[in-house]
Amino acid sequence: MSCYVLDDKQINVLVKAFEVYNVEYHAYNYKKPVGFIIDLQELRNEIGKSLKNINIESYNYRYKEDSGYMEKYCYEDVEINPGLVYDCIHRYEYNSSEDPDYFESGVHDSFKQLKDKMLLQLIRKCGYKCDRYL
């Protein structure tokens with residue numbers, strides 16, 4: 001199995017998906033900005049930086065390297081659709097799961113919630129009733 005660090009465009013898709021599908025992001029290395037007024041760009045940048053650093057940690061774990069961490073990440077807006085988001089989630093999880101604790105992590109739980117919300121929205125868009133509340 002190989003592992004690589006996702007590019008910023010793929011991370012941008014994931015960051016936007018958390019916003020569009022209204023899913024709260026959780027990770028050990030993420031501290032949600034607080035205050036009376038939260039800067040949306042700052043929030044996006046912090047989520048993107050967290051995602052990227054977890055991906056880099058996995059790469060380092062796999063190849064026994066120390067390529068450092070991203071100090072800065074700058075979100076750029078992207079167009080998304082469910083297929084693109086699902087593909088980016090799959091790529092992210094495949095390339096970020098080298099750490100044996102990944103599947104018990106907050107970021108993995110966040111992606112499960114995101115996929116659930118996407119599926120629920122698609123089911124309802126197809127006209128089917130779904131009593132599950134998310």
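Excluded from the calculations below are hydrogen atoms, water molecules and symmetry mates; all remaining heavy atoms, backbone and side chain alike, are included. Predicted model, so just to flag it, every value in this text is computed and none were measured.
Without hydrogens or angle criteria, Ser50 side chain to Glu46 main chain gives no donor-acceptor distance under 3.5 Å.
For Tyr59, the ring pair (Phe, Tyr, Trp, His ring centres under 6.0 Å) partners two or more places apart in sequence, or in a different chain, are Tyr63.
Taking 4.5 Å as the limit, some side-chain heavy atom of Tyr102 sits within range of a side-chain heavy atom of Glu93. In this structure, His26 and Asp109 have side chains that are not in contact, with every pair of non-hydrogen atoms separated by 4.5 Å or more. Side-chain contact between Leu114 and Met118 is present, with heavy atoms from C-beta onward closer than 4.5 Å. The shortest side-chain heavy-atom distance between Ile56 and Lys52 falls under the 4.5 Å cut-off. Looking at Tyr61 and Pro100, their side chains come closer than 4.5 Å, going by heavy atoms from C-beta outward. At least one side-chain heavy atom of Leu120 sits under 4.5 Å from a side-chain heavy atom of Arg124. Contact annotation: the side chain of Asp8 never approaches that of Glu76 to less than 4.5 Å [non-hydrogen atoms, C-beta and beyond]. When side chains are defined from C-beta on, Leu51 counts as touching Tyr25, because their heavy atoms get closer than 4.5 Å.
Contact between Val23 and Lys117 at its shortest, heavy atoms only, is CG2-CG, 3.9 Å. The two residues Tyr4 and Asn55 come nearest to each other via the heavy atoms O-ND2, 3.3 Å. Ile54 approaches Ala27 most closely through the heavy-atom pair CD1-CB, 3.8 Å. Scanning all heavy atoms of the two residues, the minimum distance from Gln113 to Glu24 falls at OE1-O, 4.4 Å. Taking all atoms of both residues into account, the shortest heavy-atom contact from Ser97 to Ser58 is N-OG, 3.5 Å.
Here the CG atom belonging to Asn60 is positioned 11.0 Å from the CD atom belonging to Glu98, to the nearest 0.5 angstrom. For the atom pair Glu19 CD and Asp77 CG, the distance stands at 8.0 Å (nearest 0.5 Å). The line from NE2 of His108 to CG of Asp101 is 12.5 Å long, rounded to the nearest 0.5 Å. Here the CG-NE2 distance, from Asn95 to His90, works out to 8.5 Å after rounding to the nearest 0.5 Å. In this structure, Asn12 CG and Cys74 SG are separated by 8.5 Å, a value rounded to the nearest 0.5 Å. Separation of atoms CG (Asn29) and OG (Ser105) is listed at 10.0 Å; rounding is to 0.5 Å.
Cluster annotation: Tyr28 is connected to Val15 through the hydrophobic network of ILVMFWY side chains, with a link wherever side-chain heavy atoms come within less than 4.5 Å. In the hydrophobic clustering of ILVMFWY residues, with side-chain heavy atoms under 4.5 Å counting as a link, Tyr128 and Leu122 come out apart. When hydrophobic clusters are built by joining Ile, Leu, Val, Met, Phe, Trp and Tyr residues whose side-chain heavy atoms come closer than 4.5 Å, directly or via intermediates, Leu119 is not grouped with Val20.
Of the candidates Tyr30, Phe111, Tyr75, Phe111 is the only one forming a ring-ring contact (aromatic ring centres under 6.0 Å, His included) with Phe18. Only one option out of Ile11, Leu6, Val13 pairs with Cys88 in a side chain to side chain contact (heavy atoms under 4.5 Å, CB included); it is Val13.
Within 6.0 Å of the NZ atom in Lys64, the count of heavy atoms belonging to other residues, nucleotides or ligands exceeds 12. Heavy atoms from other residues, nucleotides or ligands lying under 6.0 Å from CD of Gln41 number more than 12.
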Q.
For a side chain to side chain contact (heavy atoms under 4.5 Å, CB included) check, start with the C-alpha distance between Gln10 and Leu14, then their side-chain angles and the critical distance, and finish with the verdict.
A. CA-CA 7 Å; Gln10 293 166 318; Leu14 297 172; 5.9 Å; no
(Q) Run the salt bridge (charged side-chain N to carboxylate O under 4.0 Å, His left out) test on Asp87 and Arg91 for me, step by step, so that the C-alpha distance in whole Å, both residues' side-chain angles and the decisive distance to 0.1 Å come before the verdict. (A) CA-CA 6 Å; Asp87 181 58; Arg91 289 174 190 271; 2.8 Å; yes
